[in-house]
> 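Before I ask anything, let me first share the structure, which is written out below as structure tokens.
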Amino acid sequence: MNGNRDAQPKGTLLEVDDLRVTFPTRTGLVQAVRGVSFSLGRERLGIVGESGSGKSQTGRAIMGLTPPQAEVSAKKLSFDGIDLLSISPRQRRALRGNRIAMILQDPKYSLDPVMTIGRQIVETLRTHEKVSKAEARERALEMLRAVQIRDPARVFDLHPHEVSGGMGQRAMIAMMLIAGPELMIADEPTSALDVTVQLDVLNILDRLVAERGMGLIFISHDLRLVSSFCDRVVVMYAGKVVEQLKASELRDARHPYTRGLLNCMPRIGFERHPLPVLDRKPEWAA
Amino acid sequence: MTAAIAIDGLEVVFDRFRALKGVNLEVREGESYGLVGESGSGKSTLLRAITGLAPVASGAITVNGKALGKTRDKAFYRDVQMVFQDPYGSLHPRQTVDRLLQEPLAIHGISDGEKRIERALDEVGLGKGFRFRYAHQLSGGQRQRVAIARALILEPSILLLDEPTSALDASVQAEVLNLLEEVRRRRKLTFLMVSHDLAIITHMCERLMVMQDGEAVETLTASQLIGHRVSEDYTRNLLRASEGFVRV
Amino acid sequence: MTASDAGSLSRREWLLSDRPASRLQARLGRAYVAWRRFSANRLALVGMLIIIALLVVAAFADVLAPYSPTVGDLKNARLLPPGAAHWFGTDDLGRDIYSRIVYGARWTLYVVVLVAVIAAPIGLLVGTVAGYAGGWTDAILMRITDIFLAFPKLVLALAFVAALGPGIENAVLAIAITSWPPYARIARAETLTVRNSDYIKAVQLMGASPFRIVLRHIMPLCISSLIIRVTLDMAGIILTAAGLGFLGLGAQPPLPEWGAMIASGRRFILDQWWVAAAPGAAILIVSLGFNLLGDGLRDALDPRSGDQ
């Protein structure tokens with residue numbers, strides 16, 4: 001592995017060593033994640049890869065949302081000194097949402113369609129903290145304001161289908177941040193949004209992460225976006241980490257996969273016909 | 001030079017919602033033309049109006065010099081074909097690639113089917129090995145290649161592309177874009193391509209129209225866009241957004 | 001590994017190949033995958049065995065039945081209990097009940113197959129046309145369907161038989177006329193989910209006529225849910241036919257139809273229970289068989305699980 005050890009920060013929040021996720025299928029066992037190792041401080045870490053690279057399953061395994069038929073194993077998977085694999089499901093649930101939160105790609109599917117946005121945020125808060133209804137409402141409104149929703153009192157009473165995609169994703173972020181988590185996992189949080197809205201949402205996320213000193217894992221297929229947003233980047237291919245590097249050093253990426261991925265996207269002002277394509281080598285997956 | 005597609009004052013209305021509000025467009029023969037915009041801008045509706053999948057409320061569409069009426073005849077579909085956005089939804093789940101490619105030939109009563117199918121598969125870089133597979137036995141990129149082969153098998157002169165790569169991985173996207181450029185050069189096709197991604201449009205197209213809320217914002221050449229010589233703020237916003245995240 | 005093992009292994013690989021080399025291989029491969037899914041369900045296999053047994057019994061009734069189903073020994077063999085000579089006993093006319101049940105399998109199959117052959121295509125056609133055409137066509141066709149659905153099946157069938165006259169052919173017709181509406185509903189629902197999909201739009205953009213789209217692209221997608229539903233309904237059809245037979249409006253004496261047999265056994269049900277119980281058990285087992293088969297087919301053919 002080409003881990004840039006010196007790029008690792010002090011004060012580790014999350015440590016992942018040799019994480020494996022195995023799915024049973026009709027034709028035998030399939031490993032979606034095959035020995036992923038990295039550590040995270042209070043920083044923004046990007047996990048980049050194409051479909052089937054195991055990036056989402058890595059995020060889900062940390063979150064404890066792996067489908068029950070699959071098996072998760074690791075030499076070490078610890079969050080703030082807590083061994084995530086040995087604690088009870090109940091303790092895991094308490095951790096989830098309270099200290100570790102996750103944002104998914106499409107707010108349409110991750111918000112409850114029959115509950116108002118405000119009530120969802122209030123309920124999330126009240127399951128993790130003992131606060132009065134009035135205070136919960138006050139804090140929810142404050143949170144909606146923090147994600148730059150201009151008229152929080154109105155949005156509070158709306159149902160998810162009544163708001164736009166960008167607004168829904170902001171509400172989702174508000175809901176995830178209300179309990180004050182220390183680690184946030186964002187799985188393609190902006191892929192379903194229009195480009196201009198995408199930047200607004202990323203700005204909000206960026207500011208909140210910086211202000212609250214959270215650790216962020218940003219999972220995406222878009223290498224360029226991730227490298228402009230994160231401090232460090234982990235590049236995954238076929239369930240393995242092929243390269244870890246500082247986002248600012250992406251141009252000097254050594255692995256041919258990372259370089260190929262950067263190269264193959266069309267860029268404004270760089271005329272290349274035909275576009276360079278990725279020549280996948282079997283040894284990358286070995 | 002004649003216009004391959006000429007659109008004048010096109011209005012499309014779905015249940016009182018005006019999806020297109022009087023759009024004009026001229027695509028020259030052999031040209032590759034791009035439509036850029038965000039969701040709800042009406043760019044896909046424009047393609048669907050041309051093919052007859054969206055209801056035209058008013059305005060005129062002319063294709064290869066022929067004015068289109070309410071319905072499209074078979075000859076129209078031999079001139080104009082379309083590639084859809086989602087390769088997982090655009091192939092029939094119960095048909096093999098062979099069946100999919102045979103269908104247009106059967107509809108138009110074309111006899112040299114065997115040869116055409118083999119040639120079409122070769123042209124999109126799939127080869128004979130893929131001929132009897134079902135859609136679920138193909139990857140996303142392979143499915144989109146089959147969709148392109150299906151569109152090409154009637155030998156149209158105009159290809160409408162509705163975000164043909166937005167559902168694909170970046171590396172597969174490059175392969176499909178290269179393939180599209182190659183078939184355009186070889187067959188001298190006219191492209192009308194829709195995308196939300198300015199980089200893809202500038203890569204693929206010579207001219208483009210930026211759309212917002214069912215209206216044209218401005219019309220540019222690719223080199224104007226590359227040189228940032230744009231006059232509308234909205235286009236400028238799009239350009240900025242396409243350059244990635246900038247910490248403020 | 002023996003040679004035959006190697007042979008069967010490679011045959012399986014050929015069937016499961018991701019890159020079939022011919023139309024035939026692709027089709028067989030698909031069928032094999034469905035069969036594997038079906039045969040993984042033990043109960044479905046039991047159901048299939050029951051139905052195969054029914055087919056065999058119906059085909060070889062002449063060989064399997066020791067006595068005539070219609071002519072009995074009135075003098076010596078009236079209402080005999082089950083024994084070595086008459087396995088299921090005899091009825092009030094001295095006929096061997098076992099032989100009557102064996103021949104009755106033919107009539108059961110006759111009813112079930114004819115109803116399926118008449119009702120399923122009508123339902124499929126009405127449903128897909130209504131779903132694809134939409135608008136007025138849809139409204140008219142579905143209101144007609146609703147009218148049929150508004151009456152209880154047996155009552156409607158009774159009315160038809162009363163109008164057409166009793167007899168097994170008319171019973172079949174009446175059941176068929178009353179059982180297509182649910183199929184139309186299913187086919188319409190299925191059509192509505194696919195009619196706006198890109199692959200149907202793609203065929204429209206090939207210039208295909210609506211007729212061709214419905215027939216060649218939409219109907220094949222509806223057929224599997226319909227087969228499942230028809231199989232599950234078979235039990236109901238048998239029971240309705242039996243019900244009509246029981247009321248004297250279906251099969252007429254001396255036809256060995258199971259429902260009619262129960263009806264005639266009713267009079268002795270307390271003293272000579274076997275006269276009604278034997279055909280009752282036959283109906284029970286065959287209905288169960290169709291239900292189990294239908295359940296297995298649902299797992300094997302369901303388009304939602306069939307893609308991956």
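To find a chain, count down the sequence lines: A is the first, B the second, and so on, and within it residues start at 1. These numbers come from the heavy atoms of this one structure, side chains and all, not from hydrogens, waters or symmetry mates.
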> What part of B:Thr51 is in contact with chain C, defined as an atom under 4.5 angstrom from a non-hydrogen atom: side chain, backbone, both or neither?
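Contact with chain C involves both backbone and side-chain atoms of B:Thr51.
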> Stepwise, does the side chain to side chain contact (heavy atoms under 4.5 Å, CB included) test hold for B:Glu29 with B:Lys188?
CA-CA 9 Å; B:Glu29 206 178 299; B:Lys188 301 190 171 47; over 6 Å; no
> The test is salt bridge (Lys or Arg N to Asp or Glu O under 4.0 Å); show your working for B:Glu182 and B:Arg186 and say whether it passes.
CA-CA 6 Å; B:Glu182 199 186 303; B:Arg186 196 179 316 129; 2.6 Å; yes
> Using a heavy-atom distance cut-off of less than 4.5 Å, which residues of residues 209-218 of chain C contact chain B?
C:Arg212, C:Arg216, C:His217
> For B:Leu53, is it the side chain, the backbone, both, or neither that has a heavy atom closer than 4.5 Å to a heavy atom of chain C?
side chain
> Please flag which part of B:Arg99 lies under 4.5 Å from any non-hydrogen atom of chain C: side chain, backbone, both or neither.
side chain
> Considering only heavy atoms, give the residues of residues 288-296 of chain C separated from chain B by less than 4.5 Å, sorted numerically, with 'none' for an empty result.
none
> Any side-chain donor paired with an acceptor under 3.5 Å for B:Glu11 and B:Ser58?
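No, B:Ser58 and B:Glu11 have no side-chain donor paired with an acceptor closer than 3.5 Å.
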> Determine, step by step, whether C:Val203 and B:His92 satisfy the side chain to side chain contact (heavy atoms under 4.5 Å, CB included) criterion, reporting the C-alpha distance in whole Å, the side-chain angles of both residues, the deciding distance to 0.1 Å, and the verdict.
CA-CA 9 Å; C:Val203 192; B:His92 197 286; 5.9 Å; no
> Taking atom types as modelled and ignoring hydrogens, do the side chains of C:Tyr183 and C:Asp233 form a donor-acceptor contact shorter than 3.5 angstrom?
yes
> Within 45° of the ring axis of B:Phe191 and under 6.0 Å from its six-membered ring centre, is that where the NZ or CZ of B:Arg184 lies?
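Yes.
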> Taking the side chain as C-beta and beyond, is there a heavy-atom pair between B:Glu26 and B:Ile7 under 4.5 Å?
no
> Is there a side chain to side chain contact (heavy atoms under 4.5 Å, CB included) between B:Glu163 and B:Phe84? Walk through the geometry before answering.
CA-CA 7 Å; B:Glu163 305 246 17; B:Phe84 291 85; over 6 Å; no
> Below 4.5 Å, heavy atoms only, C-beta onward: do B:Ile158 and B:Val63 meet side chain to side chain?
yes
> State whether the side chain of C:Thr137 and the backbone N or O of C:Ala133 hold a donor-acceptor pair below 3.5 Å, judged by distance alone.
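Not at all, since once roles are kept as given, no pair shorter than 3.5 Å links the two residues.
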> Measuring heavy-atom distances to chain C, does B:Tyr134 have an atom under 4.5 Å in its side chain, in its backbone, in both, or in neither?
side chain
> If you count heavy-atom pairs under 4.5 Å between each of B:His108, B:Arg78, B:Gln81, B:Lys128 and chain C, which one has the most?
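Greatest number of close heavy-atom pairs with chain C: B:Gln81.
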> For B:Asp162, is there an ion pair with B:Arg48 - N to carboxylate O distance below 4.0 angstrom?
yes
> Ignoring hydrogens, what is the shortest heavy-atom contact between C:Gly123 and C:Ala187? Give both atom names and the distance.
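Minimum heavy-atom contact is O-CB, 4.1 Å.
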